[in-house]
Amino acid sequence: MGSTGSELRALHRELDVATSGEGFTDITRPVADWLSKIGAGVGMLTLFVRHTSASLTVQENTDPDVQADLVDVLRRLAPETARYRHDLEGRDDMPAHIRSMLTTTSLSVPVAEGRAVLGTWQAIYLIEHRAQPHRRRVFMMFMGALAHGT
Amino acid sequence: MGSTGSELRALHRELDVATSGEGFTDITRPVADWLSKIGAGVGMLTLFVRHTSASLTVQENTDPDVQADLVDVLRRLAPETARYRHDLEGRDDMPAHIRSMLTTTSLSVPVAEGRAVLGTWQAIYLIEHRAQPHRRRVFMMFMGALAHGT
Amino acid sequence: MGSTGSELRALHRELDVATSGEGFTDITRPVADWLSKIGAGVGMLTLFVRHTSASLTVQENTDPDVQADLVDVLRRLAPETARYRHDLEGRDDMPAHIRSMLTTTSLSVPVAEGRAVLGTWQAIYLIEHRAQPHRRRVFMMFMGALAHGT
């Protein structure tokens, strides 16, 4: 069991993620770098995507085929060829909203000894649901104790 | 990067949401009002739905057709006409549990300068999955610093 | 509205969950026991599954048929009989990743008066998505005030 009596703090930063169109972007590294930079100790990290056509997931980090299969599934669950009421912003827009709803906009990951407590085979991914590349803003909030106290 | 050395606090309240049956209810305003009322500064807001047949999502806030399309998708993924083992509480009950599982019961949103850091086109919705209107209880917890310190 | 001016703390522990293969395991009790043991007062509890083939959900706690129906749905959304690129780790592995993505790896539950604020009919479940029994590690983080202050 971990424990801390140090003063807790709330620190945040926005992460810009450049996507190359529909698919997964591994953001584990920039997130870890930021935790390291601020001197995070023990606490909670929350990531929040400020868009409704991109989202987050924690997934297998080894075989890129996993990501390709997951994209297939998201396409099958929300096909571009289906009929939608909302179709003014392009054929890939409403499917993007659906895929966001079925994954997650917000992700909380515990932090201990300065690191997100991901399992060995886990990475944090931003999923771009639209066809074209976008710049996506992910708000990062760390709340907890810093590594060297206050 | 934001930062605070102020004492952090934990404040909570239950929000009552009256739904008009299956569909989306925008709760962004009452949530923002509560953050304002308590004088929230920087921290984390967590919303938790105390029911298994209603859930939460962050979605597009402009075109109501988006919500109608999302309801269609939830109906398609969990149709009332399918055969379920659990059918004692009405034909809309098991589909409601499924739709809750595929969306989210708990939603964490970072707060900075007293406001949830939603993107321009984002709103927070409670999704009622049952056919009839219900009163739904959403537990709101803010943990962080107050705007004017302590 | 709750409130606390007590010093907030961050405490964590890893929970080992033995699953009996595909299906739901109720972890509400060991989570509640841990909150009680550490003397949690008001704050946030976050559970994080350190695997990509098991996940979390909050669901109905009374009729076991609900869980059986939910397993059926997850099988239908990610069938073992579908063709996947990723198939080296067994026919049940890629479906497990998909089912994890469609539910959740991380779950945040507010805590008040030492207890997770679950509704009357809610329980917290770990969902094992693989066919065989596994030992699953769930990281528990409580951040908040202890019941008797500091």
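So you know, we letter chains A, B, ... as the sequences are listed, proteins then strands, and number each from 1.
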Return the CD to CE distance between Glu60(C) and Met101(B), rounded to the nearest 0.5 Å.
13.5 Å
So which of Asn61(C), Val117(C), Val111(C), Val58(C) has the largest heavy-atom pair count under 4.5 angstrom toward chain B?
Val117(C)
With chain B as the partner, which of Ala112(C), Gly119(C), Gly144(C) has the greatest number of non-hydrogen pairs under 4.5 Å?
Gly119(C)
Roughly how far apart are Asp72(C) CG and Arg83(B) CZ, rounded to 0.5 Å?
11.5 Å
Sidechain-backbone polar pair: Arg9(B) side chain, Glu7(C) backbone, donor-acceptor under 3.5 Å:
no
In terms of heavy-atom proximity below 4.5 Å to chain C, should Glu14(B) be classed as side chain, backbone, both, or neither?
neither
Minimum side-chain heavy-atom gap Pro110(C)-His12(B) below 4.5 Å:
no
Neighbour count >12 (heavy atoms, 6.0 Å) for atom CD, Glu80(C):
yes
For Arg76(B), does the CZ atom sit with more than 12 other heavy atoms under 6.0 Å from it, leaving out its own atoms?
yes
Whatever's closer than 4.5 Å to a heavy atom in chain C on His97(B) counts as both
Within this structure, what is the CE-CE distance for the pair Met44(C) and Met143(B), rounded to the nearest 0.5 Å?
6.5 Å
How far does CG of Leu45(B) sit from OG of Ser108(C), to the nearest 0.5 angstrom?
11.0 Å
Just verifying a value: how many Å separate Tyr84(B) OH and Leu70(C) CG, rounded to the nearest 0.5 Å?
9.5 Å
Point-to-point distance, once rounded to the nearest 0.5 Å, from CG of Asp65(C) to CE of Met94(B):
9.0 Å
Decide, yes or no, whether a salt bridge links Arg85(B) with Asp63(C) under the criterion of side-chain N to carboxylate O below 4.0 Å.
no
Contact class of Thr103(C) relative to chain B, heavy atoms under 4.5 angstrom
both
Top contributor to chain B interface from Gly41(C), Ala68(C), Ser106(C) [non-hydrogen pairs under 4.5 Å]
Ala68(C)
Region of Leu88(B) in contact with chain C, defined by heavy-atom distances below 4.5 Å
neither
Does Gln122(C) use its side chain to pair, donor to acceptor, with the backbone of Val49(B) at less than 3.5 Å?
yes
Go through the steps to decide whether Leu102(B) and Leu77(C) satisfy the test side-chain contact (heavy atoms from CB on, under 4.5 Å), and finish with yes or no.
CA-CA 11 Å; Leu102(B) 297 177; Leu77(C) 291 175; 3.9 Å; yes
Between Leu118(C) and Phe48(B), is a side-chain contact (heavy atoms from CB on, under 4.5 Å) present by the stated rule, with each step listed?
CA-CA 8 Å; Leu118(C) 298 168; Phe48(B) 187 88; 3.7 Å; yes
